[in-house]
S.K.: 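The structure's right below; bear with me while I get my questions together.
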Protein chains: 2
Amino acid sequence: MRRPTIADIARRAGVSSAAVSFALNGRPGVSEPTRQRILAAADALGWQPNTAARALSAQRAGAVGLVVARPARTLGVEPFFMQLISGIQAALSERANALLLHLVEDVEAEIGLYRRWWAERRVDGVLLVDPRTADPRPAALRALGMPALLAGGPDPAGILPGVWIDDARAMTRIVTHLRGLGHERIGHVSGPSGLLHTERRSAAFRAATRTSAGSRTGPAAVTTDFSDTEGARATRSLLSSPERPTAIVYDNDVMAVAGMSVARQSGLAVPTDVSIVAWEDSTLCRVTHPTLTTLSRDASGFGATAAERLLALIDGEPPGDVEFSVPELTIRESTAPPPA
Amino acid sequence: MRRPTIADIARRAGVSSAAVSFALNGRPGVSEPTRQRILAAADALGWQPNTAARALSAQRAGAVGLVVARPARTLGVEPFFMQLISGIQAALSERANALLLHLVEDVEAEIGLYRRWWAERRVDGVLLVDPRTADPRPAALRALGMPALLAGGPDPAGILPGVWIDDARAMTRIVTHLRGLGHERIGHVSGPSGLLHTERRSAAFRAATRTSAGSRTGPAAVTTDFSDTEGARATRSLLSSPERPTAIVYDNDVMAVAGMSVARQSGLAVPTDVSIVAWEDSTLCRVTHPTLTTLSRDASGFGATAAERLLALIDGEPPGDVEFSVPELTIRESTAPPPA
DNA sequence: CTGTTAGCGCCTTCAC
DNA sequence: GTGAAGGCGCTAACAG
């Protein structure tokens, strides 16, 4: 049996298909009794709009895209992503939009995909994640004329509107906590320098650890590729420096765990000899001993906000940046006062 | 500037739009020189087919759906999922299909979404994951007449075709390895009993640990919800049982890590006093000390195979089950001969 | 207030 | 070989 169409409803209700369309979309043009009759008929038939037809007619795909240019391996370990997606969908579902997810190798492939999606009218807009310094994507998207929103930072190029979490204040919050415990030499194991949020955190770290006299109170920060291997290497480097830190802040959870192992192997106890803070809460941070003090973000809410903003953008509303809430610090067992 | 249409190409090449359609789809009806002229024109214009129009005309959405009914929290920690998605897309992209991903609360919501997607013609078919015992989904999908494929097991109801990884042989492989090291009392910390793959693993575990005399050689297996908390609890229970095992097999990585901590707190060394095997390799398994011996599956290849089968099903090819490769055992530091 | 009509962009039968 | 015409299902002008 064929799926019911508007024509079927029209026939059943004894009206024209235009009347049905009006009634279904709740707009003026039909009398109330007729509208009721039409709705009843549609309901009886179990009618649902055909996405393709609607998209063709409305010039709107009813879908937005999310492309991720990261190795799947890295993603799997980040609870942040799934939460983000979950939030994005909560917002999209409310407005009957779908999410197209695609994983690619690099930014070039990502741009290629945007080009294709836009030419095919497969999506109405896209959500960009992982903004980078010297990011080619905003300009490419502008050239395409494709609605897009940067989830993860304000666009330094000033091209795309963005939604972001305040990394700087989050970092300040962490450093304040450590300072409050009495730490003076704090280390930072950051992510790759090409990522914008990494840069923001590092800048904030430098600012927060600068003493009133103007000199820094800890060893230099170390950059990594976010992997456990580099997290371990960075930790070794910090712990063997002349100004050995009494606390270390890691830019993700995996590196924090790896770093904790290194500290222990070096004969240092956590948190007695060295305190550890991880950026991003996850199961991983709760199964270790000691459990980790972490920075917890509302990834889901962040995703929802980003999706809503994108939808508004697609609807032609004026673009605008939105700064999302500051993450909370969840204090667990890995942070304590420094050794006397 | 408007996006180019077939009519534009036709005008530019000086032919009818039907000729363009024939040329573009590589079917007879146009002379070779004309075809070339048309292709050149299309290329010059940067034409790409409009998905909505094509979908409407072809009665085919060019997209498949993947609904996941699990808390986002749980997913994030499973590298398996992202790898799976990555593989699915590799296969879909080749045939210009898109993937719609959606996370829901439970199986009822999942079925509701299938119903809507199908009524809206939003997707051409779906990939089901996490098959359960007494799973309502296959019957629901059959009632809808929606193409669907079970990724993760043969359908016990015999309704949907499936693609799966041989959990039984994988488990046998693990037990054989432990037996080879000399272990006789082996424990199993499994996932929730409602999941089919959990059931298969447990059954295989019971079969493999049964001695020739017919009695089992270890304590009873313990079921969990896959969380670190229950993994820890299960480990405590096993280690305090009268027949304390010298080796424990965990159904995921998070529980294995939690279990290792518990063992250590109980004063047992890993692997000297107790060996540990995790199901599913992940970063997590490599940042611990000792590093974990794990069962590594080709999630990406598995996803690609599943997607290909689904596409074939949508094309009307006869359904058929496919058993995917048996996972490899990656031997690391957490397994060793039992204490004498 | 209602109904007729003409597209949205693509594909495909059917005459030429 | 090629062109004209109609339909996929829905929406939006435009008359009635």
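Since this is a predicted model, take the numbers as computed values, not measurements.
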S.K.: Tell me whether the OP1 or OP2 atom of dC11(C) has a side-chain N or O from N25(B) closer than 4.0 Å.
M.R.: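 Result: yes.
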S.K.: Rounded to whole Å, please give me the gap between CD1 in I38(B) and P in dG1(D).
M.R.: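 Rounded to the whole Å, the gap is 13 Å.
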S.K.: Does dG3(D) have OP1 or OP2 under 4.0 Å away from a side-chain N or O of S16(B)?
M.R.: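 Answer is yes, contact under 4.0 Å.
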S.K.: In terms of side-chain geometry, is the basic nitrogen of D106(A) or R70(A) positioned less than 4.0 Å from the acidic oxygen of its partner?
M.R.: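 Looking at R70(A) together with D106(A), the answer is no, because their closest N to O distance does not fall below 4.0 Å.
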S.K.: Identify whether any heavy atom of A19(B) sits under 4.0 Å from a base atom; if not, whether one sits that close to sugar-phosphate; answer base, sugar-phosphate or nothing.
M.R.: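 Touches nothing.
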S.K.: Rounded to whole angstroms, how far apart are CD1 on I9(A) and P on dC10(D)?
M.R.: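 In whole Å, dC10(D) P and I9(A) CD1 are 7 Å from each other.
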S.K.: Considering only dT11(D), dC10(C), dG9(D), which nucleotide approaches the side chain of I6(B) most closely?
M.R.: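 It is dC10(C).
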S.K.: Determine the sole option in L150(A), L310(A), D321(A), D155(A) for which the side chain to side chain contact (heavy atoms under 4.5 Å, CB included) test with P161(A) is passed.
M.R.: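 Option passing the side chain to side chain contact (heavy atoms under 4.5 Å, CB included) with P161(A): D321(A).
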S.K.: Can the positive tip of R116(B) be found less than 6.0 Å from the middle of the six-membered ring of W118(B), inside 45° of the ring normal?
M.R.: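 Because its charged atom misses either the 6.0 Å distance or the 45° angle limit, R116(B) does not stack over W118(B).
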S.K.: List the steps, then state whether side chain to side chain contact (heavy atoms under 4.5 Å, CB included) holds for L24(B) with L39(B).
M.R.: CA-CA 7 Å; L24(B) 256 21; L39(B) 292 181; 3.7 Å; yes
S.K.: What is the distance, to the nearest angstrom, from the CZ atom on R3(B) to the P atom on dG9(C)?
M.R.: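 My rounded result for the distance is 9 Å.
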S.K.: By the 4.0 Å heavy-atom rule, please label V15(B) as base, sugar-phosphate, or nothing.
M.R.: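 Contact class for V15(B): sugar-phosphate only.
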S.K.: Given dC11(C), is OP1 or OP2 found less than 4.0 Å from the side-chain N or O atoms of R54(B)?
M.R.: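 So the side chain of R54(B) is within the cut-off, an N or O lying under 4.0 Å from OP1 or OP2 of dC11(C).
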S.K.: Using 30° and 60° as the class boundaries, would you call the ring planes of F302(A) and F80(A) parallel, tilted or perpendicular?
M.R.: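 Plane angle between 30° and 60°, so tilted.
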S.K.: F22(A) CZ to dC10(D) P: how many Å, rounded?
M.R.: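 Taking CZ of F22(A) and P of dC10(D), I get 15 Å after rounding.
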S.K.: Toward the 5' end of DNA chain D, which comes first, S17(B) or S57(A), by nearest nucleotide?
M.R.: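 The answer here is S17(B).
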S.K.: If you assign each of G14(B) and A53(B) to its closest nucleotide in DNA chain D, which residue comes earlier from the 5' end?
M.R.: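 Counting from the 5' end, the first nearest nucleotide belongs to G14(B).
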S.K.: Return the value, rounded to whole Å, for the distance between atom CG of N50(B) and atom C1' of dC8(C).
M.R.: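 The answer, rounded to whole Å, is 8 Å.
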S.K.: Heavy atoms only, 4.0 Å cut-off, all strands: where does S21(B) land among base, sugar-phosphate and nothing?
M.R.: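 Base: the residue S21(B), judged by heavy atoms under 4.0 Å, touches a nucleobase.
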S.K.: Atom CD of E32(A) to atom P of dT2(C): distance rounded to whole Å?
M.R.: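 Going from CD in E32(A) over to P in dT2(C) covers 11 Å.
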S.K.: Indicate, with a heavy-atom threshold strictly under 4.0 Å, whether L56(B) touches base, sugar-phosphate, or nothing.
M.R.: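 Base contact - L56(B) has a heavy atom under 4.0 Å of at least one base atom.
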S.K.: To the nearest Å, give me how far apart CG (L24(A)) and P (dC10(D)) are.
M.R.: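 Taking CG of L24(A) and P of dC10(D), I get 9 Å after rounding.
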S.K.: Rounding to a whole Å, what distance do you find between R121(B):CZ and dC10(D):P?
M.R.: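 Distance check: R121(B) CZ to dC10(D) P gives 12 Å.
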